[in-house]
Amino acid sequence: MTESVAQSQALPVVQLRNVAKVYDGQHALKEVSLDVQRGEFLTILGPSGCGKTTILRLVAGFEGATSGSISIDGRDVTDLPPERRNVNTVFQSYALFPHMNVFDNVAFGLRMKGRPATEIATEVRETLRLVQLEGFDTRAVGKLSGGQQQRVAIARAIINRPLVLLLDEPLSALDYRLRKQMQLDLKHLQRKLGITFVLVTHDQEEAFSMSDRVVVMNNGHIEQIGTPVSVYEEPRNLYVARFVGEINIIDAEVVELGENRARVRAQGLDVFMRTSHAFRPKEKVHILLRPEDLRVETLKDLAEDPELEDVFARDRSLVGTVEETIYKGATYDVVVRLDAGGIVTATEFFNEDDETVYFKASDRVAVSWVEGWEVVLPYEK
Amino acid sequence: MRKLRILYATLVFVFLYLPLGVMVVYSFNASRFSMAWKGFTLDWYVKLFSNAALMQAALNSLLIAALAATCSSILGTLIAMALQRWRFPSRKVIHTSLFVMMMSPDIVIGISLLVLFMALSLPLGFWTLLMAHVTLCVPFVSITVYGRLLGFDPHVVEAARDLGAGEYEVFRHVVLPMVFPAVLAGWFLSFTLSIDDVIISFFTTGPTFEVLPLRIYSMVRLGLKPEVNALCAIMILITAVAVFVSQRFLKEKS
């Protein structure tokens, strides 16, 4: 008994096996396989048209897969209609029933299940409290604000206690502040309910701040699956690296290989880099560096302060000239044109004792980073 | 400027409604033959209601109008839903043919239906007239309901199914309540179309079943009678009420 419970706990709640979807001869989805773990907050991230919403619609049952199979809770649902799948959806447009008030909208699912009226009333009130809409029962949904409609849409879905809640860009219609608030609220709601959430978004910040795992999609296939940290820190390819935040890309060539290390030549510099890829000598590679991992010092400061020079990894520094500085509020970006060609951007925090940006255009600077913070990827055209 | 605008609007309304107004006034004129005003009377209304043949024709008209409106509301709504929901090959053809039916001259529809009924050797009367009027009204209902269906967020139906509603529940609890104002508007539109139709009725009914417009038509061939004025005044009232009600339904919730 306990063993079978444990087994069902370990079983992915949603499984996609080689699922493809073709619309009018176009592949919206190309042979995608994906496991959604029980109780996790999974985000599917990608630009519009990458197939992320298609995955959601296939799991919900609004679309049939062209090939492959989908199972929910270990049961094959590939051919089941939406009303017979134990998942619920929060639509981007909310899709509330315009002719019903808040109470009737939220009660709809339970009424379809034929639950007694008194039980429904209690549950609806309970759920409305959960989404902070107490006392809104008799309001017409058309008269609510965007944020309130959003909450009704969420309440209408979660009242059914689905195995999985599917959210299709639920926050995209809200303004910035409200969106930030709803991101937190959704995350808390998910923890409280323990329901698996699958969210679709094109907003990398949204994906990172809410999810346990992120699926990065591009052009109908999955580029990478991992925790927000691993996707950000260890992007599998240039597409992922560029899609999740700013990145500097420096071309280089492999000189020599060691164990989990490679000596590469970049910008006339010979440096050792940590890498798990199996490169060959002379192979061209990309070195990826996040702007916030770069450290910039002026050549003048380095020459005057031997201590600074000791800390600053001189043997892996690139020399160049500051082009411009861009004020970002809490931080600022320093754009450096390297002497050996190419431009890198470094993000700097304001020093406590600096009132203004430290670097100025045409300053001669050296750019460096801590060994191991770089990512080395095979060369892509 | 403001006065000019009021004057202009008044002229338009006078142009549109003066003939109707004159007729309503004459329905209360005590003179039988002359156009001169001979004092107020309700005699023509009394006479009208004691004219058994005319009252039978009026009842027949109301019956046909109500039945035709109901049948075409059901059929038209189903067509609209099919057009909106499915992407079948002949979809465009059906959609266009609805407009063709709406635009076709009544005389063409009337004659073509007559030919059809003759070919099927159906006796002209109640049933043929009903079928003809349903044919006349269905496109109007379909277009009205279809327009309203297009105005909806298509995800609403998906949301209902997502929440466990089957085909029937989606129709009963979501689609029908949402389109109902348009269906009702279509019903009233059909009702007025049917009740004032002369041409199609002329070709598609027989001596066994006489409707009001045809009866009036045969009456006025022997000269204008004041009862007809009275009857027409009543019909204007009914039509005005039907139009007003259907507008109210369309406006509400949209």
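Chain naming here is simple, since letters A, B, ... match the order of the sequence lines and numbering starts at 1 in each. Computed from heavy atoms alone, side chains included, the values below leave out hydrogens, waters and symmetry copies.
- The two residues A:Val90 and A:Gln150 have their closest heavy-atom pair at CG1-NE2, 3.6 Å.
- Between A:Phe197 and A:Phe41, the angle of the ring planes lies from 30° to 60°, which puts this pair in the tilted group.
- Contact annotation for A:Arg156: both backbone and side-chain heavy atoms come within less than 4.5 Å of a heavy atom of chain B.
- Contacts of A:Asn88 with chain B are made by both backbone and side-chain atoms, with heavy-atom separations under 4.5 Å.
- The greatest number of non-hydrogen atom pairs below 4.5 Å with chain A, out of B:Glu158, B:His173, B:His155, is found for B:Glu158.
- Aromatic ring centres of B:Tyr146 and B:His95: separated by under 6.0 Å.
- Judged by a 6.0 Å distance limit and a 45° cone about the ring axis, B:Arg172 is not positioned over the six-membered ring of B:Tyr168.
- Side-chain contact check for B:Ser72 and B:His133: no donor-acceptor pair (N or O, by modelled atom type) lies under 3.5 Å.
- Contact of B:Asp153 with chain A is made through the side chain alone, with heavy-atom distances under 4.5 Å.
- Residue A:Leu110: no heavy atom, backbone or side chain, is found under 4.5 Å from chain B.
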